4 protein chains.
Amino acid sequence: MTLLADLLSTVFERRTRIGPILRRDPRSTDALIADLMGTTSETAALALARRVLQRYAEMDDASRLALFRHIAEAYDLDPAALRAALDAYEAAPSGASYRAFTHATEAPRQALIRQLNQVPGGTERLVQMRADLLRLGVDDPALQALDLDFRNLFRSWFNRGFLVLRPISWESPAHILEKIIAYEAVHTIQSWDDLRRRLQPADRRCFAFFHPAMPDEPLIFVEVALSRGTPGSIQALLAEDRTPGSAEVADTAVFYSISNCQPGLAGISFGNSLIKQVVSDLAAELPGLKTFVTLSPIPGLVRWLERQGIRYEPRDGKAMAGHAAHYLLNAKRADGQPVDPVARFHLGNGAMVQAVHAGADISENGLRQSGGVMVNYLYDLGKVEKYHDRYAELREVKAAQPVRALSTAREKSTGAGA
Amino acid sequence: MTLLADLLSTVFERRTRIGPILRRDPRSTDALIADLMGTTSETAALALARRVLQRYAEMDDASRLALFRHIAEAYDLDPAALRAALDAYEAAPSGASYRAFTHATEAPRQALIRQLNQVPGGTERLVQMRADLLRLGVDDPALQALDLDFRNLFRSWFNRGFLVLRPISWESPAHILEKIIAYEAVHTIQSWDDLRRRLQPADRRCFAFFHPAMPDEPLIFVEVALSRGTPGSIQALLAEDRTPGSAEVADTAVFYSISNCQPGLAGISFGNSLIKQVVSDLAAELPGLKTFVTLSPIPGLVRWLERQGIRYEPRDGKAMAGHAAHYLLNAKRADGQPVDPVARFHLGNGAMVQAVHAGADISENGLRQSGGVMVNYLYDLGKVEKYHDRYAELREVKAAQPVRALSTAREKSTGAGA
Amino acid sequence: MTLLADLLSTVFERRTRIGPILRRDPRSTDALIADLMGTTSETAALALARRVLQRYAEMDDASRLALFRHIAEAYDLDPAALRAALDAYEAAPSGASYRAFTHATEAPRQALIRQLNQVPGGTERLVQMRADLLRLGVDDPALQALDLDFRNLFRSWFNRGFLVLRPISWESPAHILEKIIAYEAVHTIQSWDDLRRRLQPADRRCFAFFHPAMPDEPLIFVEVALSRGTPGSIQALLAEDRTPGSAEVADTAVFYSISNCQPGLAGISFGNSLIKQVVSDLAAELPGLKTFVTLSPIPGLVRWLERQGIRYEPRDGKAMAGHAAHYLLNAKRADGQPVDPVARFHLGNGAMVQAVHAGADISENGLRQSGGVMVNYLYDLGKVEKYHDRYAELREVKAAQPVRALSTAREKSTGAGA
Amino acid sequence: MTLLADLLSTVFERRTRIGPILRRDPRSTDALIADLMGTTSETAALALARRVLQRYAEMDDASRLALFRHIAEAYDLDPAALRAALDAYEAAPSGASYRAFTHATEAPRQALIRQLNQVPGGTERLVQMRADLLRLGVDDPALQALDLDFRNLFRSWFNRGFLVLRPISWESPAHILEKIIAYEAVHTIQSWDDLRRRLQPADRRCFAFFHPAMPDEPLIFVEVALSRGTPGSIQALLAEDRTPGSAEVADTAVFYSISNCQPGLAGISFGNSLIKQVVSDLAAELPGLKTFVTLSPIPGLVRWLERQGIRYEPRDGKAMAGHAAHYLLNAKRADGQPVDPVARFHLGNGAMVQAVHAGADISENGLRQSGGVMVNYLYDLGKVEKYHDRYAELREVKAAQPVRALSTAREKSTGAGA
């Protein structure tokens with residue numbers, strides 16, 4: 001093959017290379033880590049890092065938690081050294097003193113994570129390691145700094161400029177597709193047939209972000225339906241017996257599901273970039289597309305209605321739409337942002353509330369969480385930046401007039417603001 | 001195409017996308033940077049970062065230097081804020097206080113570089129930017145901290161786990177090959193025919209490291225000759241009229257040229273990893289290979305002889321070999337390491353001095369720098385780690401007995417140690 | 001991307017291009033064909049060929065059959081013209097007279113098929129067309145010559161030198177894998193999970209032949225299990241709960257299923273080449289493999305026993321093995337070849353009967369066709385050529401001694417040869 | 001890698017596999033061929049075919065010519081057998097009798113060529129073999145029938161539906177690019193720098209047809225310049241110091257060089273398809289392109305003028321243009337087609353004579369062949385089919401009014417028609 005295809009295939013093959021079984025080593029894992037932190041030999045460091053990752057892979061949860069605690073403490077920051085380095089730099093700013101200072105700012109555990117990432121395939125292991133850390137140590141303050149070290153490094157390694165957007169289609173490799181099935185978090189994919197229905201028709205698309213160091217692992221993906229007009233029911237949109245349309249005649253792209261795939265990358269946000277790039281790519285490919293809109297759940301609606309003591313009846317569509325409009329526009333947290341997490345995400349990206357639809361998700365989950373109501377958030381590329389700014393600065397929630405009217409009508413009828 | 005090939009081709013295509021001509025913006029570059037540092041909108045940040053990179057591309061050297069100075073000063077570290085954050089963290093260690101601390105440790109100019117790297121194709125631009133910085137500001141202490149910020153980020157982005165080793169062959173894309181021609185720093189490639197002679201024969205190989213975010217730019221490459229026995233003349237090895245051998249019968253892989261390609265990545269070392277991985281890959285592919293050795297220049301020999309006031313005569317092969325052996329084993333810097341930079345590199349990697357050859361490089365450059373002498377450094381995979389340690393700790397230089405004998409004989413004959 | 005990857009991706013993309021909807025054309029399909037046969041313009045011919053293929057795609061079976069009849073008759077050979085051309089060539093052999101002769105030997109309907117194949121994606125359409133022809137017109141003598149024209153052209157286009165062997169793995173595109181599920185003809189693949197069990201474990205392999213003009217359509221594929229020793233039960237080999245082994249320690253490659261995918265390529269044999277190349281590739285990849293053997297059904301056994309009026313009892317393993325050995329070695333057709341079609345295939349390839357196993361396939365189908373018995377055919381690469389010749393010339397069936405012994409014992413016990 | 005990329009890479013790798021050195025075989029080449037024609041074993045046939053190809057590769061020209069003669073005679077058609085088969089088929093048309101007939105129509109030497117093509121990499125060898133045949137035996141009537149057998153098979157294997165159009169760029173593999181340099185037949189490529197000037201600028205394109213069985217060998221390629229307006233000078237178009245334009249603003253695509261690469265494929269025409277597909281692809285990619293035109297040599301002009309005894313002076317542009325216009329429109333062969341071969345090609349494709357330019361090619365070759373005049377042939381996609389038909393049926397040559405006027409004026413001034 002050629003250079004560039006090879007380049008990637010190499011990345012790809014490497015992932016398996018971490019595996020070869022290493023001979024037993026009498027040292028404890030803690031001792032291996034100490035040796036790793038001590039060596040100046042690149043070769044020795046690589047061999048030690050591989051051993052540490054292999055040991056970790058074989059550990060049970062209790063050992064992993066113990067290891068995290070050990071790393072967090074034994075390789076913590078040295079504030080005295082940092083203060084000294086800072087003083088020295090301020091006293092005599094130079095390349096050398098700044099270098100000593102930047103070195104002192106980095107907790108040794110961060111250097112350890114870097115070392116482990118030298119191993120081919122290490123990145124994927126580290127992402128998994130942080131997933132374990134979050135799962136096992138989420139409430140342990142002693143581990144929060146370690147988690148932050150992971151996150152800061154990941155934020156650097158997974159920066160936007162390194163991510164690659166790829167279409168996911170029925171022609172994608174099966175081992176990627178089975179991950180799409182596994183990771184879909186919004187509208188469960190029931191089977192390979194169900195997956196095919198979401199990928200193969202001419203009016204369906206799916207896109208994922210990948211990182212070249214983890215080419216088998218989608219980071220986040222979005223499922224898109226192309227349609228004429230904006231749909232108001234997820235069941236209609238996903239119906240098994242629907243007649244697929246043509247991409248060329250579609251005027252609307254509907255983002256009906258966005259799923260993060262890597263718990264170990266929590267706190268590193270890809271969704272905004274994903275939506276914007278997909279909008280931009282689709283617009284270039286299909287000039288007929290004029291409207292980019294979501295069909296989103298309102299996951300906090302029922303809980304909020306219940307907390308407010310408001311009775312609701314999913315079958316009363318008009319009332320439900322009013323509740324939803326009111327909730328989205330008026331139910332706020334202390335910081336002024338909406339209570340609803342999906343609303344916060346899209347509004348924070350610069351979208352606006354375009355429409356609410358009662359009876360739009362009559363699945364068990366849809367009824368339980370949001371009484372069947374769904375919402376369209378509209379991404380108007382000419383305005384997302386302005387709307388983002390208004391939201392960021394003023395917490396202003398943009399909504400189409402009918403939604404505002406629904407909300408107002410509902411407030412009048414109940415005599416209550418939120 | 002398929003997911004994985006696409007993945008890379010996307011990385012690849014992106015590089016061109018940075019280019020579209022942006023409409024004029026009345027703001028100054030400094031103002032654009034200030035706005036970039038101030039915005040919370042990802043979309044706005046991306047647009048601003050693209051503009052800054054475009055402005056930079058159009059600047060002359062004087063404006064670039066002025067910009068570097070501005071960034072170095074205006075976005076410097078805030079020591080007071082850092083001290084406060086450190087105090088707060090020590091007083092009450094928590095996720096939040098650690099986060100505030102890590103934030104304070106990072107000079108804003110580092111955040112700026114990260115932002116610029118969000119732009120697709122940004123990494124390559126930043127590497128070029130640092131090359132400019134080193135060229136223009138190398139002696140300016142005020143810019144050393146900025147350079148260190150670049151370097152620390154590059155060290156993170158270009159970590160070993162993200163690099164990809166690729167063979168370079170006569171079937172590689174021409175736009176890559178012309179860079180091999182341009183970057184070859186040891187034995188100049190005279191023409192495309194010369195290049196073909198180094199790539200196409202069955203007994204020649206070439207390998208380069210690439211980074212997925214810069215797939216058109218080799219970072220470092222090594223040229224290899226496969227032979228029976230260890231060659232002692234670069235002209236013989238590269239002769240136009242030689243008869244190529246078969247890779248299958250070769251017992252020796254000779255690394256006869258290693259060239260770094262990116263001045264902007266100065267200080268981030270890839271050579272050691274490159275050699276080790278090439279040794280490992282070649283050993284797996286060609287089980288007949290038993291010896292991995294360099295054919296290296298001794299760039300400091302003549303200068304050293306002249307400084308020592310030692311007369312030398314390139315045509316006196318025996319004396320020249322003695323000089324070279326003595327120089328490599330005994331000419332040391334204050335820190336105990338050899339004076340010769342190539343010797344420091346290979347010995348630091350764990351290689352040993354295997355043989356010296358007079359009359360081995362009779363090119364003008366070879367005679368001028370090293371009186372025609374070349375040296376083989378041997379990479380014995382079973383021993384590199386041990387040798388590295390002995391060198392790192394004790395500055396011990398391993399050499400084969402004949403080399404040691406040459407050195408001793410020469411010392412006796414001149415009655416002088418170094 | 002690069003030239004070569006592109007080359008294929010282009011082949012790949014083309015297949016979809018045939019589709020664009022063509023404006024209605026008032027001419028009948030027969031008239032379109034007449035115009036196609038009459039035009040000298042390449043451009044016009046291509047446009048007409050596309051129309052004919054599109055018309056065909058929209059026809060029902062009756063119209064297709066009528067079209068086949070029309071083509072068979074209207075574009076038949078012209079014997080008088082052929083005789084004249086032959087006479088002229090014999091009278092005055094020259095390039096010109098030979099050209100006129102070769103032109104006259106080709107029935108115009110063959111030229112028509114060639115013309116249709118000029119359309120990008122046409123090959124796949126034509127293969128499908130012949131599948132229809134075989135299905136609809138199998139007993140119609142008037143259509144046999146047309147079928148032979150198809151077959152002669154396909155034999156030329158699908159010659160061995162153009163076929164490409166590809167591994168099929170769990171990382172293959174889903175749209176290829178669903179065809180593997182659909183086409184598996186020997187041991188049905190029940191589900192995607194079943195497929196994964198046949199592809200993903202380290203001790204399983206699958207290979208298919210493709211043709212570059214139909215890159216989405218496997219032509220034939222073989223499923224392989226790597227094992228220590230030769231297995232004697234298909235259910236054990238495919239058990240859901242088995243523990244996968246390592247490919248490196250396997251000494252035996254077991255071909256347990258071979259399926260043709262294209263009914264339209266009937267009579268063009270790929271199986272022999274496929275097995276030989278897979279044997280050769282596996283031997284190169286895994287030097288530990290010493291034995292290449294099938295685990296094959298005996299599809300004619302039960303029918304033959306019944307025709308012979310022989311009572312059999314699947315649970316009596318010893319007797320069943322004897323029946324099977326006897327049947328494979330002695331039940332012959334008038335032409336001297338074995339009655340069993342699978343035996344004919346493998347023996348004709350130069351394999352030998354290595355072992356028979358009673359109770360080896362206790363599926364409903366396995367019991368019904370062969371009373372549960374299966375057979376290993378051994379491919380001994382050093383001997384296949386010799387065995388092939390002995391079989392081709394003398395109808396000699398090679399069998400391992402225990403199989404011959406089983407057959408002899410059975411004959412003695414029943415007092416009967418076949 | 002993935003299935004489809006692999007598919008091609010496999011084709012690609014195979015080409016090298018033919019090479020492994022085979023042990024000596026005592027049989028003569030004639031005897032090997034006889035054995036090959038006699039065997040029924042696919043395995044034996046493949047081994048024999050490899051040996052025959054290897055023998056051929058080692059032969060000198062005299063032996064090759066002798067071999068061609070042997071094959072032409074020993075494996076000639078059997079007219080008696082053919083007559084008998086034809087009689088039998090007419091007497092009782094059936095699948096069997098038609099099969100026997102089609103078998104008898106094929107000269108055994110054609111079956112031999114098919115057999116040789118079974119070897120991986122065989123196609124390329126056979127194309128080379130026919131190139132030798134044409135070179136060595138072009139005037140030998142005994143070999144014309146053999147050549148025709150080659151040509152008929154190549155016409156089948158290299159049919160339009162199997163060809164792949166690929167862009168050639170500065171990012172193409174060097175081993176392909178060196179073939180472009182070698183094969184350019186119209187305006188010699190002087191060096192790699194010259195090549196880069198034809199490939200790398202944004203306003204230059206190059207496309208080639210490939211066949212999947214010979215992926216390293218372009219079959220034919222065309223070089224294209226994108227411009228505003230139609231250029232009238234090849235030196236201006238290829239000037240080293242010209243300023244490249246932007247593809248987006250171009251309104252005209254100029255085909256300034258078309259070169260066939262494979263002498264062994266003589267008589268199998270790719271040029272018409274190539275131009276039409278490049279026009280179609282460029283039109284899709286760059287909607288601004290409105291005019292597709294060549295800048296072509298007039299290779300027969302000077303020779304014709306000399307034969308007519310017409311004096312000409314290249315520096316008298318007006319007269320030269322008149323000569324050229326007259327020659328293109330009026331100088332005809334006995335069959336009514338133009339004398340000029342390039343004119344025949346483009347007019348036969350349905351192009352028209354758009355303009356003639358004196359002083360348009362002032363290279364030595366351009367002056368010698370055509371007195372410096374060049375011509376634009378216009379491909380007007382809406383009319384090529386009609387023009388083709390008029391030319392094919394009536395030998396009508398379409399030309400723009402100014403060209404016709406030039407021709408008329410010249411006739412008046414010289415008082416002579418052609």
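The sequence lines fix the lettering, A, B, ..., with proteins before strands; numbering per chain opens at 1. All of these numbers come straight from a predicted model, not from anything done at the bench.
Interface residue D/Thr123: only side-chain heavy atoms are found under 4.5 Å from chain C. Contact of D/Asp389 with chain C is made through the side chain alone, with heavy-atom distances under 4.5 Å. There is no contact between D/Asp140 and chain C, counting heavy-atom distances below 4.5 Å. Heavy-atom distances place no part of D/Tyr391 under 4.5 Å from chain C, backbone and side chain included. For D/Arg155, no part sits under 4.5 Å from any heavy atom of chain C, backbone or side chain. Heavy atoms of C/Arg99 lying under 4.5 Å from chain D belong to its backbone as well as its side chain. For chain C, the nearby parts of D/Ala145 are the backbone and the side chain; heavy atoms of each come within less than 4.5 Å. Of the atoms belonging to D/Ser273, heavy atoms from both backbone and side chain fall under 4.5 Å from chain C. With a 4.5 Å cut-off on non-hydrogen atoms, D/Leu77 touches chain C through its side chain but not through its backbone. Both the backbone and the side chain of D/Pro79 come within less than 4.5 Å of a heavy atom of chain C. Contacts between D/Asp87 and chain C at a heavy-atom distance below 4.5 Å involve backbone atoms as well as side-chain atoms.
Because its NZ or CZ atom is both nearer than 6.0 Å to the ring centre of C/Tyr98 and within 45° of the ring axis, D/Arg109 counts as a cation-pi partner of that residue.
Of the listed residues (C/Val384, C/Asp149, C/Asp147, C/Asn152), the greatest number of heavy-atom pairs within a distance under 4.5 Å of chain D belongs to C/Asp149. For the set D/Leu86, D/Thr39, D/Thr105, the count of heavy-atom pairs under 4.5 angstrom toward chain C peaks at D/Leu86. Listed options C/Gln144, C/Glu106, C/His388, C/Glu90 were ranked by heavy-atom pairs under 4.5 angstrom with chain D; first place goes to C/His388.
With rounding to the nearest 0.5 angstrom, the NE2 atom of C/His211 is 4.0 Å from the CZ atom of D/Phe162. Considering CG of C/Leu148 and OG1 of D/Thr102, their distance stands at 5.0 Å, rounded to 0.5 Å. Rounded to the nearest 0.5 angstrom, D/Thr40 OG1 and C/Glu393 CD are separated by 7.0 Å. Going from atom CZ of D/Arg160 over to atom CG of C/Asn117 covers 11.0 Å, rounded to the nearest 0.5 Å. Between the CD atom of D/Gln110 and the OG atom of C/Ser156 there is a distance of 8.5 Å, given to the nearest 0.5 Å.
Considering every non-hydrogen atom in both D/Trp157 and C/Asn159, the closest pair reads NE1-ND2, 3.8 Å.
Under a cut-off of 6.0 angstrom, the local environment of CZ in D/Arg83 is crowded, with over 12 non-hydrogen atoms contributed by other residues, nucleotides or ligands. The number of heavy atoms from other shown groups lying within 6.0 Å of NZ (D/Lys383) does not exceed 12.
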Dump the intermediate steps for side chain to side chain contact (heavy atoms under 4.5 Å, CB included) on C/Thr43 and D/Asn349, then the final yes or no. CA-CA 9 Å; C/Thr43 313; D/Asn349 292 342; over 6 Å; no
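Taking 4.5 Å as the limit, every side-chain heavy atom of C/Pro141 sits out of range of all side-chain heavy atoms of D/Ser94.
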